[in-house]
Amino acid sequence: MKFIIEQLFLNDDAGKPLPKAGEPMFHRCEAETPQQALSMWLDAHRASLLGNVSEFYGYQSVATARAGVRIFSLHVYPGSDMLPRAKSGEKPQDEGKNSRPPEEPKPEAPR
(Lines give C-alpha, C1' and ligand atoms only; values in the text may rest on other atoms or scores of the structure.)
Protein backbone atom coordinates (compact mmCIF):
# COMPACT_ATOMS: atom_id res chain seq x y z
CA MET A 1 0.00 0.00 0.00
CA LYS A 2 1.22 3.50 -0.73
CA PHE A 3 1.38 6.12 2.00
CA ILE A 4 1.99 9.86 2.10
CA ILE A 5 4.07 11.20 4.98
CA GLU A 6 3.45 14.88 5.68
CA GLN A 7 6.33 16.48 7.58
CA LEU A 8 5.85 19.80 9.38
CA PHE A 9 8.85 21.37 11.12
CA LEU A 10 8.26 22.78 14.60
CA ASN A 11 11.62 24.52 15.16
CA ASP A 12 14.52 26.05 13.24
CA ASP A 13 18.12 24.86 12.81
CA ALA A 14 19.08 26.61 16.06
CA GLY A 15 16.43 24.65 17.98
CA LYS A 16 14.14 27.66 18.53
CA PRO A 17 10.36 27.30 17.99
CA LEU A 18 9.07 28.63 14.69
CA PRO A 19 6.84 31.72 15.06
CA LYS A 20 4.30 30.29 12.58
CA ALA A 21 3.79 27.02 10.78
CA GLY A 22 5.71 26.71 7.53
CA GLU A 23 4.86 24.74 4.41
CA PRO A 24 4.78 20.97 4.97
CA MET A 25 7.01 18.60 3.03
CA PHE A 26 5.43 15.50 1.51
CA HIS A 27 7.11 12.13 1.06
CA ARG A 28 5.92 8.85 -0.49
CA CYS A 29 6.41 5.42 1.04
CA GLU A 30 5.23 1.93 0.19
CA ALA A 31 4.51 -0.32 3.18
CA GLU A 32 1.97 -2.75 4.65
CA THR A 33 0.80 -0.43 7.48
CA PRO A 34 1.16 3.22 8.50
CA GLN A 35 3.40 2.12 11.38
CA GLN A 36 5.72 0.28 8.99
CA ALA A 37 5.79 3.32 6.66
CA LEU A 38 6.65 5.58 9.60
CA SER A 39 9.38 3.21 10.82
CA MET A 40 10.94 2.95 7.35
CA TRP A 41 10.87 6.74 6.92
CA LEU A 42 12.42 7.34 10.36
CA ASP A 43 15.23 4.87 9.61
CA ALA A 44 15.90 6.39 6.18
CA HIS A 45 16.09 9.92 7.63
CA ARG A 46 18.00 8.93 10.80
CA ALA A 47 15.23 10.33 12.95
CA SER A 48 13.79 9.09 16.24
CA LEU A 49 10.34 9.22 17.76
CA LEU A 50 9.50 11.60 20.60
CA GLY A 51 6.66 10.06 22.58
CA ASN A 52 4.00 7.73 21.25
CA VAL A 53 2.47 7.25 17.82
CA SER A 54 -1.23 8.14 17.69
CA GLU A 55 -3.19 5.81 15.42
CA PHE A 56 -6.48 6.80 13.82
CA TYR A 57 -9.24 5.19 11.78
CA GLY A 58 -8.54 4.86 8.07
CA TYR A 59 -4.86 3.84 8.22
CA GLN A 60 -3.65 7.16 9.63
CA SER A 61 -0.96 7.85 12.21
CA VAL A 62 0.50 11.01 13.75
CA ALA A 63 3.85 11.23 15.52
CA THR A 64 6.46 13.72 16.66
CA ALA A 65 10.09 13.00 15.78
CA ARG A 66 13.52 14.55 15.85
CA ALA A 67 16.57 14.46 13.61
CA GLY A 68 19.50 16.35 15.11
CA VAL A 69 18.10 19.56 16.61
CA ARG A 70 15.10 19.66 14.23
CA ILE A 71 11.76 18.55 15.66
CA PHE A 72 8.80 17.87 13.38
CA SER A 73 5.38 16.30 13.30
CA LEU A 74 4.63 13.48 10.88
CA HIS A 75 1.17 12.61 9.56
CA VAL A 76 1.00 9.27 7.73
CA TYR A 77 -2.04 8.48 5.58
CA PRO A 78 -2.95 6.39 2.53
CA GLY A 79 -1.87 7.92 -0.74
CA SER A 80 -1.09 7.33 -4.38
CA ASP A 81 1.68 8.18 -6.83
CA MET A 82 0.54 11.80 -6.77
CA LEU A 83 1.69 13.97 -3.88
CA PRO A 84 -0.57 16.64 -2.36
CA ARG A 85 0.09 20.24 -3.31
CA ALA A 86 1.41 22.66 -0.74
CA LYS A 87 -1.03 25.38 0.34
CA SER A 88 0.64 28.01 -1.82
CA GLY A 89 -0.12 25.94 -4.93
CA GLU A 90 3.51 25.02 -5.55
CA LYS A 91 4.47 21.44 -6.22
CA PRO A 92 5.49 19.63 -3.01
CA GLN A 93 8.89 18.30 -2.11
CA ASP A 94 9.52 14.57 -2.44
CA GLU A 95 12.12 12.50 -0.62
CA GLY A 96 13.71 15.68 0.75
CA LYS A 97 14.58 16.94 -2.75
CA ASN A 98 13.17 20.10 -4.23
CA SER A 99 10.84 19.12 -7.03
CA ARG A 100 9.43 22.58 -7.78
CA PRO A 101 9.75 23.80 -11.36
CA PRO A 102 10.61 27.44 -11.96
CA GLU A 103 7.54 29.61 -11.66
CA GLU A 104 6.18 31.24 -14.79
CA PRO A 105 5.14 34.89 -14.55
CA LYS A 106 1.37 35.32 -14.33
CA PRO A 107 -0.28 37.71 -16.81
CA GLU A 108 -1.65 40.88 -15.28
CA ALA A 109 -5.40 41.29 -15.15
CA PRO A 110 -6.83 44.02 -17.42
CA ARG A 111 -7.73 47.25 -15.62
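Residue numbers run from 1 in the order of the sequence given.
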Checklist entry - Ala31 and Phe3: which non-hydrogen atoms are nearest, and at how many Å? => result O-CE1, 3.5 Å
Return a table of donor-acceptor pairs under 3.5 angstrom between the side chains of residues 55-68 and protein atoms on other chains or two or more places apart.
{"residue": "Glu55", "atom": "OE1", "partner": "Gln35", "partner atom": "NE2", "Å": "3.3"}
{"residue": "Glu55", "atom": "OE2", "partner": "Gln35", "partner atom": "NE2", "Å": "3.0"}
{"residue": "Gln60", "atom": "OE1", "partner": "His75", "partner atom": "NE2", "Å": "2.8"}
{"residue": "Arg66", "atom": "NE", "partner": "Gly68", "partner atom": "O", "Å": "2.9"}

Checklist entry - Side chains of Ile4 and Val76: does their closest heavy-atom pair fall under 4.5 Å? => result no
Checklist entry - Is there side-chain contact between Leu42 and Leu74, with heavy atoms separated by less than 4.5 Å? => result yes
Checklist entry - With a cut-off of 6.0 Å (strictly less than), are more than 12 heavy atoms of other residues, nucleotides or ligands near CG of Asn52? => result no
Item to check | Heavy-atom pair of closest approach, residues Phe9 and Leu18 | outcome: O-CD1, 3.4 Å
Checklist outcome for this item: Residues Glu32 and Gln36: closest non-hydrogen pair is N-OE1, 2.6 Å
Checklist entry - Are Val53 and Trp41 in one and the same hydrophobic cluster, where Ile, Leu, Val, Met, Phe, Trp and Tyr link if side-chain heavy atoms are under 4.5 Å apart? => result yes
Next on the checklist: If I take atom OG from residue Ser48 and atom CG from residue Asp43, how far apart are they, to the nearest 0.5 angstrom?
Outcome noted: 10.5 Å
Next on the checklist: Is there a side-chain contact between Leu8 and Phe72 in this structure, where contact means two heavy atoms from C-beta onward sitting under 4.5 Å apart?
Outcome noted: no
Next on the checklist: The criterion is side-chain hydrogen bond (donor to acceptor under 3.5 Å, both in side chains); which residues satisfy it with Glu6, sequence neighbours excluded?
Outcome noted: none
Item to check | side-chain hydrogen bond (donor to acceptor under 3.5 Å, both in side chains) partners of residues 12-21, not counting sequence neighbours, each pair once | outcome: Asp13-Arg70
Checklist entry - Distance from Arg28 atom CZ to Glu30 atom CD, nearest 0.5 Å? => result 10.5 Å
Checklist entry - Hey, what do you get for CG (Leu49) to CG (Leu38), rounding to the nearest 0.5 Å? => result 5.5 Å
